[in-house]
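Worksheet for the structure shown next.
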Amino acid sequence: MTTHADPARGYPIHALMNITQRPASVFVRGEGSWLWDHTGKRYLDFVQGWAVNCLGHSPPVVADALANQARRLITPSPAYYNDKCLELAKVLTRLSGLDQVFFANSGAEANEGAIKLARKFGARHRGGAYQIITFDGAFHGRTLATMSASGKKAFEALFEPKVPGFVKATLNDLASVQRLITSQTVAIMLEPIQGEAGVLPASDQFVRELRSLTRARELLLIVDEIQTGVGRTGRFLHCEHAGIAPDILTLGKGLAGGVPLAALIASKQASCFEHGDQGGTFNGNALMCAAGLAVVDCVSKPEFLSSVSEKGRLLADRLTALSRRRDLGAVRGRGLLLALDLKRPIGAELVAATFAAGLLLNAPRSDTLRFMPSLTVTPTEIDAMIDRLDAALGNFRG
Ligand code: PLP
């Protein structure tokens with residue numbers, strides 16, 4: 001990405017490991033849908049920490065929950081109960097229809113836990129079965145096991161040898177899943193809208209078929225809702241669109257509105273960890289769980305969820321109109337997780353151009369833009385985003 005701001009303000013950017021190419025702006029403040037960099041330049045943010053800031057930047061409800069809780073109790077250690085962790089676990093079991101929660105600090109850690117739980121279940125109840133069927137294109141995280149579970153092409157050659165035990169089926173193709181089931185299969189793991197792959201949705205019918213298949217073959221269904229959960233698609237969980245409940249569910253990203261919190265949630269039958277199998281120093285700390293409680297209380301309200309659907313429809317309509325005007329492709333996704341097919345491999349250059357014009361967008365693929373604004377984004381901000389994107393496309397020579 002080209003650099004658009006003066007990087008020479010004394011920021012020690014070389015003190016960070018160089019894990020990705022970043023623009024030279026340094027962000028110093030955020031509020032709602034807006035970010036400010038070190039030069040005072042303002043940006044409209046439709047990335048929101050990759051769908052993390054579900055209530056926008058620095059929402060008062062999260063700031064207050066953190067400030068109040070920080071003065072009361074940060075963490076007593078995961079070896080003891082704390083009130084916020086217990087309260088949030090109860091809320092998440094109610095909202096998911098599942099029974100028990102393990103809190104983690106990132107989506108990858110929650111998914112790593114889901115993989116371990118499925119293997120434990122296989123060892124205890126399925127004669128040592130350990131294989132998990134996942135999907136081409138899926139993204140489950142960046143630990144070694146979750147990279148191995150992912151079906152991302154760019155991961156294939158990295159960090160060999162991978163963790164064994166994952167086989168890949170094709171999204172929305174039940175026969176491809178059936179063909180992979182053996183006596184060693186213990187679970188099927190699904191990302192219901194493949195976000196990193198370019199916002200490719202599993203159909204509700206396919207999700208229901210997977211639920212029936214896993215029931216019939218006594219397999220666990222693991223659903224990774226790290227990107228789709230916590231209201232992103234207009235329901236608290238994406239699974240609700242298909243009317244199913246998985247055996248194991250993972251949540252992360254928006255769960256605590258921008259601070260690190262994720263959850264591994266399981267049915268009573270699947271929740272089979274024994275002492276010593278799972279843990280972690282920061283897991284379920286009271287500070288993050290207090291933020292999680294504040295966010296979930298807000299996002300799970302029916303009127304909040306219908307506003308997400310409404311704004312999702314508005315954003316989809318505006319993108320569709322833009323696409324017609326500029327001869328682009330289809331709009332995909334659900335709620336406020338949408339993608340626009342650019343029909344040409346101009347994603348990275350377009351993202352750099354909109355960045356220069358004060359708009360943050362993400363291109364998960366060279367021919368696709370992804371939109372994941374705050375769930376509190378306003379219609380005016382949606383229109384402002386479309387105007388800036390339209391202007392960038394108008395100036396674009398790529
Ligand atoms: N699963 C899905 C579907 C994701 O979108 C992501 C992150 O983008 C992850 C897992 C990994 O989450 P984290 O980056 O918090 O480890």
Side-chain angles (χ1 to χ4, degrees), residues 17 19-20 46-54 102-118 132 134-155 158-159 163 166 168 171 187-202 207 210 221-233 237-239 241 246 248-265 280 282-284 288 291-292 295 332-339 360-365 368 370-373 375:
M17 286 195 191
I19 54 135
T20 189
F46 270 58
V47 176
Q48 289 287 358
W50 281 330
V52 163
N53 305 314
C54 61
F102 171 80
F103 287 109
N105 308 298
S106 70
E109 190 192 356
N111 280 340
E112 183 90 16
I115 292 162
K116 285 169 67 179
L117 191 59
I132 300 180
T134 64
F135 291 89
D136 284 328
F139 179 75
H140 296 297
R142 289 177 179 277
T143 62
L144 203 45
T146 54
M147 284 179 89
S148 310
S150 298
K152 193 175 155 106
K153 281 268 167 289
F155 282 179
L158 297 178
F159 311 121
V163 175
F166 300 98
K168 311 280 158 54
L171 195 69
I188 297 174
M189 183 169 186
L190 174 75
E191 182 190 6
I193 298 178
Q194 294 187 341
E196 282 295 298
V199 189
L200 306 177
V207 176
L210 284 184
L221 179 63
I222 305 171
V223 179
D224 172 350
E225 291 230 30
I226 282 154
Q227 188 153 150
T228 55
V230 196
R232 177 62 44 191
T233 69
L237 299 177
H238 186 276
C239 284
H241 294 288
I248 299 176
L249 169 75
T250 53
L251 296 176
K253 289 198 182 276
L255 185 56
V259 294
L261 181 68
L264 161 63
I265 312 175
F282 293 119
N283 298 53
M288 295 305 128
V295 169
R332 298 188 294 269
R334 202 167 214 168
L336 286 170
L337 176 57
L338 294 177
L360 267 61
L361 292 176
N362 164 256
R365 286 182 3 186
T368 302
R370 176 169 45 169
F371 304 84
M372 32 193 173
L375 304 183

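Remember, it's 1-based here, ligands and their atoms both numbered in the order they're listed. Quantities reported herein were computed from a predicted structural model and do not represent experimental measurements. Heavy-atom basis, side chains included; hydrogens, waters and symmetry copies ignored.
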Open item on the list: We want to know whether T134 and H140 form a side-chain donor-acceptor pair, criterion being a heavy-atom distance below 3.5 angstrom.
Closed with: no

Task: Qualifying residues under salt bridge (charged side-chain N to carboxylate O under 4.0 Å, His left out), relative to K152, sequence neighbours excluded - done: E196

TODO: Could you tell me whether a side-chain N or O of R334 sits under 3.5 Å from a main-chain N or O of T233, the two making a donor and an acceptor?
DONE: no

Open item on the list: With heavy-atom distances below 4.5 Å as the criterion, would you say the side chains of L255 and V295 are in contact?
Closed with: no

TODO: For the pair F46 and F371, name the ring-plane relationship: parallel under 30°, tilted 30 to 60°, perpendicular over 60°.
DONE: perpendicular

TODO: Decide if atom CZ of F282 counts as having more than 12 heavy atoms of other residues, nucleotides or ligands within a radius under 6.0 Å.
DONE: no

Open item on the list: Distance under 4.0 Å, heavy atoms only, partner ligand 1: which residues pass?
Closed with: S106, G107, A108, N111, F139, H140, G141, E191, D224, I226, Q227, K253

